Amino acid sequence: MIPLITGQVVAFWIFAPLSVAGAVGMVVSRKPVHSAISLAGMMVALACLYASLDAPFLFVAQIIVYTGAIMMLFLFTMMIVGVDSTDSLIETIKGQRVAASIFGFVLAVLLILAVGNGVVTGRGGLDVANAGGNVQGLASITFGPYVFAFLLTAALLMVAAVAAIVLAHGEPLGKRETQAERARRKTMEFAEQGKDPGPLPGPGVYARHNSIEYPALLPDGSISEESVSPTLAVRGVAVVENDGLRAAYRAAVTEFIEVQDENTGSDDAPRVADELADPGAIAETYVEQISIEVAGSDSDPAKEQ
Amino acid sequence: MSPNAYLVLSAILFSIGVLGFLIRRNVLIIFMSVELMLNAANLAMVAFSYANGNLLGQVGAFFVMVVAAAEVVIGLAIIMIIFKTRRSASVDDQNQLKH
């Protein structure tokens, strides 16, 4: 008895619509990343169709090579070339979009009609060919009659790898500064201009962002201008609302002073509030002052607890 | 199951790839459309392999995958070079040979 609905049919009617949806999504998405994800989904659906067509090796190769390697390469390039770049809707050639849509539709109809007329009546099934194992069968063909083609693809891959390295390689514009030269330059700058010879502060880590465009925070909550690359600063991406970041520091200091006033009977709160309202200049000296006061009144924190 | 259904699916996917290649302006998406067309051809080959009961179609699909990988490496390297010099990923901006 021949079953009417086989597993293959079920797989086809599940994954065929998925692959078409992925392909359409790739074409219509405005953002390149959405397109790439749609295409990756479409490739996974195709891999499942390969599995239903008795091609387990291609099923794995499709996932590893296409969704694993090629799509990730696309995504990496996208990160460099610009994730945000959306297509312009201006037509360079008038009516090109409509003409292309008609052409694509007509092509689909013609291809489907051609397939429908040239009915393929295969006996179907790879049970005989896959008897010794699918991978073994593929290997006996690849390394048998097609071994020369296989060697050619090896040469092709090698040339492609070398070409990619050559294309991606950039010649340095000037001579590279050695460690000794850098040390000498930094010491000279320190002697002449008083510039800090240490390394620049790193970019900041926030609860919501840790990208390099976010500047590092100084102890009082203000931002360190030096921690962001000048290139990013010129482009205007390193904009952080400084006042909001200082709020936590301001609240902490205010609370500290109030507790101190309560304990010692002094009346520093209004003066400190004035200083906090004017951020920047006073902050650094004030941090020192607080630390001295804390050191001077050892018993106070213990008493509070 | 007759391979016709797979061939029709392959034809649809190939046409969508052609459509994307023609109407999109972003060079990366154009490149992805080419990949889509290659995948559609692969599906047709695997379906024929199943119909004919031998593995030659699968070997063909395997070779297509290898060549596609090499093509992607070179193509993306070229795209990156163009982007470095022109700061644009749109094919409409690559018209300097005209003038």
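Here the structure is a predicted model, which is why all the values come from computation and not from measurement. Just so it is clear: chains get the letters A, B, ... in the order the sequence lines come, proteins before strands, and each one is counted from 1.
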When the 4.5 angstrom heavy-atom criterion is applied to A:F57 and chain B, the contacting part is side chain
* Asked: So, do A:Q8 and B:Y6 sit near enough that their side-chain heavy atoms are less than 4.5 Å apart?
  -> yes
With chain B, the option among A:A160, A:A168, A:A164, A:G104 that has the most non-hydrogen atom pairs under 4.5 Å is A:A160
Q.
With heavy-atom distances below 4.5 Å as the criterion, would you say the side chains of A:F59 and B:V46 are in contact?
A. no
Highest number of heavy-atom pairs under 4.5 Å with chain A among B:N39, B:L36, B:V66, B:N42 belongs to B:N39
Heaviest contributor of heavy-atom pairs below 4.5 Å to chain A, chosen from B:I79, B:I78, B:I74, is B:I74
Only residue of B:I12, B:I16, B:L19 satisfying side-chain contact (heavy atoms from CB on, under 4.5 Å) with A:V24 is B:I16
In this structure, CG of B:L76 is separated from CG of A:L167 (nearest 0.5 Å) by 11.0 Å
When the 4.5 angstrom heavy-atom criterion is applied to A:A149 and chain B, the contacting part is both
Quick note, ring-ring contact (aromatic ring centres under 6.0 Å, His included) partners involving residues 143-170 of chain A, not counting sequence neighbours, are A:F143-A:F150
B:F31 atom CZ, neighbour heavy-atom count above 12 within 6.0 Å: yes
Do side-chain atoms of B:Q58 reach the backbone of A:D54 as a donor and acceptor pair under 3.5 angstrom? yes
Applying a strict 4.5 Å limit to non-hydrogen atoms, the region of B:A68 in contact with chain A is both
Of the listed B:L9, B:V72, B:V73, the one with the largest count of heavy-atom pairs under 4.5 Å with chain A is B:L9
- Query: Between the side chains of B:S49 and A:Y50, is a donor N or O closer than 3.5 angstrom to an acceptor N or O?
  - Reply: no
Side chain to side chain contact (heavy atoms under 4.5 Å, CB included) filter on B:V18, not counting sequence neighbours, yields A:F103, A:L107, B:F14, B:L22, B:M37
Most contact-rich option vs chain A, by heavy-atom pairs under 4.5 angstrom, among B:N54, B:L56, B:V59, is B:V59
Bottom line for B:F62: the part with an atom under 4.5 Å from chain A's heavy atoms is both
Distance col, row A:R97:CZ vs B:R24:CZ, nearest 0.5 angstrom, shows 8.0 Å
Max heavy-atom pairs within cutoff under 4.5 Å with chain B, candidates A:V106, A:V109, A:V65, A:L111, goes to A:L111
If one checks every heavy atom of A:L58 against chain B at 4.5 Å, the contacting part turns out to be both
Note: B:M32 and A:A36 closest approach over all heavy atoms is SD-CA, 3.6 Å
Interatomic distance, CD@B:E35 vs CE@A:M42, rounded to 0.5 Å, equals 10.5 Å
In this structure, CG of A:L152 is separated from CZ of B:F63 (nearest 0.5 Å) by 9.0 Å
Honestly, the part of A:S140 sitting under 4.5 Å from a heavy atom of chain B is neither
When rounded to the nearest 0.5 Å, the distance separating CG of B:N4 from CG of A:N117 is 10.5 Å
Separation between CD1 (B:I29) and OG (A:S29), nearest 0.5 Å, reads 7.5 Å
